[in-house]
Amino acid sequence: MRKFGIIGNGSWATALIKILSDNKAEKSIEWWLRNPDDIAFINEFAHNPRYLTDVKIDFNKISLSNELEQTILNNEIILLAVPSAFVNDVLKNLPKDVFQNKLIISAVKGVNPETHQIISHYFENTWNVPNQNICAISGPCHAEEVAMEKLSYLTVAAENDSFSQIIADNLACHYIYCKTTDDIYGIEYAAVLKNVYAIACGICHGLGYGDNFQSVLVSASSRETERFLEAGHQTHRDVKENAYLGDLLVTAYSQFSRNRTFGNMLGKGYTVKSAQMEMNMIAEGFYATKTMKEINDSINADMPILNAVYAIIYLGSNAKSVMKDLSSKII
């Protein structure tokens with residue numbers, strides 16, 4: 001029996017709890033939540049009070065915990081599903097050997113902002129987890145559609161093929177199809193960049209651009225992702241696969257995309273601060289834009305869309321002027 005420890009209490013963590021519960025493989029799931037009040041609420045009412053409130057928690061498979069270190073020690077496979085900006089804050093007080101002999105799944109769709117590392121590299125370098133013990137999962141898979149059991153797809157990426165297959169076998173269920181790949185570098189960075197591009201799409205929608213321009217922008221975003229990945233890590237990959245282009249498309253177009261919503265507000269004239277205050281969930285692309293701009297300063301890939309979003313969010317540039325200038329660069 002596989003023993004899973006889940007770290008995180010947001011919508012994606014809740015969706016993954018549901019997926020693991022609905023999978024038929026025998027397993028136990030220990031879910032760590034920081035807030036004791038949330039634990040008390042879930043124990044009483046069997047659903048998360050903050051996110052995906054329609055998802056019913058199956059206590060035959062799931063137990064709740066407020067002790068992070070003990071949750072990690074108790075379980076064989078540790079799944080991390082917290083926003084990238086808070087990874088250090090969540091893990092900082094743990095002993096350095098706590099992840100020894102553990103298998104790590106990153107469901108974090110971002111880069112550690114303090115170390116500029118994708119999460120697999122962060123676990124290797126900060127926690128001394130061997131790369132063969134690390135995998136990452138990617139979409140296209142919005143948490144809200146998981147809650148409704150709409151057919152969705154996950155890609156499990158790991159250098160260790162047997163590990164990725166174990167995780168895929170424990171995630172697949174009647175509404176989740178899984179496939180595996182060894183391109184963990186590409187999967188993680190593509191998951192970061194698609195949030196930036198979804199902000200760009202939202203900005204353009206807020207400014208009044210139509211579907212014709214949006215399609216060109218998304219197409220250019222896919223090419224920009226490919227240029228970055230090839231500059232940083234050349235390998236055999238097809239960016240038209242689900243975890244690259246598919247994840248980009250759903251994040252750029254979906255009504256459930258927080259990053260598109262955030263960008264739409266900016267396009268309509270909201271300040272960055274007011275848009276953040278209006279949303280009750282984190283738009284990962286806000287943090288990703290700055291981090292990816294800093295990473296690309298050393299890689300030097302041609303990334304005009306990333307630069308445009310950075311200028312609007314962090315330099316206070318006029319969104320209308322920036323996007324008009326961008327429109328001639330992405331043909």
Side-chain angles (χ1 to χ4, degrees), residues 6 8 10-13 15-16 18-20 23 77 79-84 87 103-112 117-123 131 134-146 150-161 163-173 175-198 218 221-222 224-226 228-229 232-233 235-254 256-260 283-285 287-288 291-292:
I6 315 301
S11 58
W12 189 216
L16 288 165
K18 175 177 171 56
I19 291 169
L20 286 166
N23 172 272
I77 302 172
L79 191 158
L80 185 68
V82 299
S84 59
V87 168
L103 300 175
I104 306 298
I105 307 172
S106 171
V108 179
K109 299 177 181 180
V111 175
N112 186 297
Q117 295 172 319
I118 51 178
I119 302 304
S120 59
H121 290 171
Y122 167 74
F123 271 99
N131 58 16
I134 303 171
C135 80
I137 55 176
S138 184
C141 192
H142 273 308
E144 292 81 0
E145 291 201 352
V146 170
K150 290 185 176 292
L151 184 60
S152 302
Y153 295 77
L154 288 173
T155 297
V156 182
E159 293 186 15
N160 182 338
D161 292 340
F163 179 28
S164 59
Q165 193 58 57
I166 287 171
I167 301 308
D169 290 343
N170 277 272
L171 290 171
C173 62
Y175 56 88
I176 296 290
Y177 288 171
C178 287
K179 67 181 299 183
T180 63
T181 179
D182 62 359
D183 185 25
I184 189 169
Y185 177 97
I187 293 301
E188 287 200 83
Y189 271 120
V192 178
L193 285 169
K194 54 99 176 183
N195 290 328
V196 178
Y197 301 138
V218 172
S221 298
S222 180
E224 188 166 301
T225 299
E226 186 172 28
F228 177 87
L229 296 180
H233 183 258
T235 188
H236 176 70
R237 66 169 65 91
D238 182 356
V239 296
K240 298 186 293 297
E241 291 279 355
N242 296 340
Y244 311 96
L245 180 57
D247 206 13
L248 169 63
L249 289 172
V250 75
T251 311
Y253 289 124
S254 174
F256 298 122
S257 172
R258 305 171 204 172
N259 294 284
R260 178 183 168 88
E284 281 274 16
Y287 303 102
T291 306
M292 293 306 301

Taking all heavy atoms of [X] and all of [Y], pick out the closest pair and write down the distance.
{"X": "D247", "Y": "G139", "answer": "OD2-N, 3.8 Å"}
{"X": "G186", "Y": "L229", "answer": "CA-CD2, 3.9 Å"}
{"X": "S138", "Y": "A243", "answer": "OG-O, 3.9 Å"}
{"X": "D238", "Y": "Y244", "answer": "O-CD1, 3.3 Å"}
{"X": "T291", "Y": "N112", "answer": "CG2-O, 4.5 Å"}
{"X": "Y253", "Y": "V218", "answer": "OH-CG2, 3.6 Å"}

To the nearest 0.5 angstrom, please state how far the [atom1] atom of [X] sits from the [atom2] atom of [Y].
{"X": "I167", "Y": "L154", "atom1": "CD1", "atom2": "CG", "result": "11.5 Å"}
{"X": "Q165", "Y": "N160", "atom1": "CD", "atom2": "CG", "result": "11.0 Å"}
{"X": "I166", "Y": "I77", "atom1": "CD1", "atom2": "CD1", "result": "6.5 Å"}
{"X": "I119", "Y": "E188", "atom1": "CD1", "atom2": "CD", "result": "6.5 Å"}
{"X": "E241", "Y": "Y153", "atom1": "CD", "atom2": "OH", "result": "12.5 Å"}
{"X": "H142", "Y": "S152", "atom1": "NE2", "atom2": "OG", "result": "9.5 Å"}

Exercise. Who are the side-chain contact (heavy atoms from CB on, under 4.5 Å) partners of E224, not counting sequence neighbours?
Worked result: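 Partners of E224 under the side-chain contact (heavy atoms from CB on, under 4.5 Å) test: Y197, R227, M303, P304, I305, L306.
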
Problem set entry | S84: side-chain contact (heavy atoms from CB on, under 4.5 Å) partners, not counting sequence neighbours |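 In terms of side-chain contact (heavy atoms from CB on, under 4.5 Å), with neighbours along the sequence ignored, S84 is linked to V108, E284.
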
Donor-acceptor under 3.5 Å ([X] side chain, [Y] main chain):
{"X": "R260", "Y": "A198", "value": "no"}
{"X": "N23", "Y": "A172", "value": "yes"}
{"X": "T180", "Y": "C178", "value": "no"}
{"X": "S164", "Y": "D161", "value": "yes"}
{"X": "S257", "Y": "T251", "value": "yes"}

For this session: Test side chain to side chain donor-acceptor pair (under 3.5 Å) on N242 and Y177 and set out the steps.
Result: CA-CA 11 Å; N242 296 340; Y177 288 171; over 6 Å; no

For this session: Just say parallel, tilted or perpendicular for the rings of F228 and Y189, cut-offs at 30° and 60°.
Result: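 F228 vs Y189 ring planes: perpendicular.
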
For this session: Apply the test side-chain contact (heavy atoms from CB on, under 4.5 Å) to residues C141 and I176: give CA-CA distance (whole Å), side-chain angles for both, the deciding distance (0.1 Å), then the verdict.
Result: CA-CA 9 Å; C141 192; I176 296 290; 4.1 Å; yes

For this session: Show your working on side-chain contact (heavy atoms from CB on, under 4.5 Å) between Q117 and F123 and close with a plain yes or no.
Result: CA-CA 9 Å; Q117 295 172 319; F123 271 99; over 6 Å; no

For this session: Return yes when atom OH of Y175 has more than 12 non-hydrogen atoms of other residues, nucleotides or ligands closer than 6.0 Å, and no otherwise.
Result: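 Counting neighbours around OH of Y175, more than 12 heavy atoms of other residues, nucleotides or ligands fall under 6.0 Å, so yes.
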
Exercise. Is there side-chain contact between L80 and I104, with at least one heavy-atom pair below 4.5 Å?
Worked result: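 A side-chain contact is absent here, since even the closest heavy-atom pair is not under 4.5 Å.
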
For this session: Would you indicate whether the side-chain heavy atoms of I137 and L16 approach each other to under 4.5 Å?
Result: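 Answer yes - side chains close enough.
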
For this session: Verify side-chain contact (heavy atoms from CB on, under 4.5 Å) between C135 and I105, making sure each step is shown before the conclusion.
Result: CA-CA 5 Å; C135 80; I105 307 172; 3.7 Å; yes

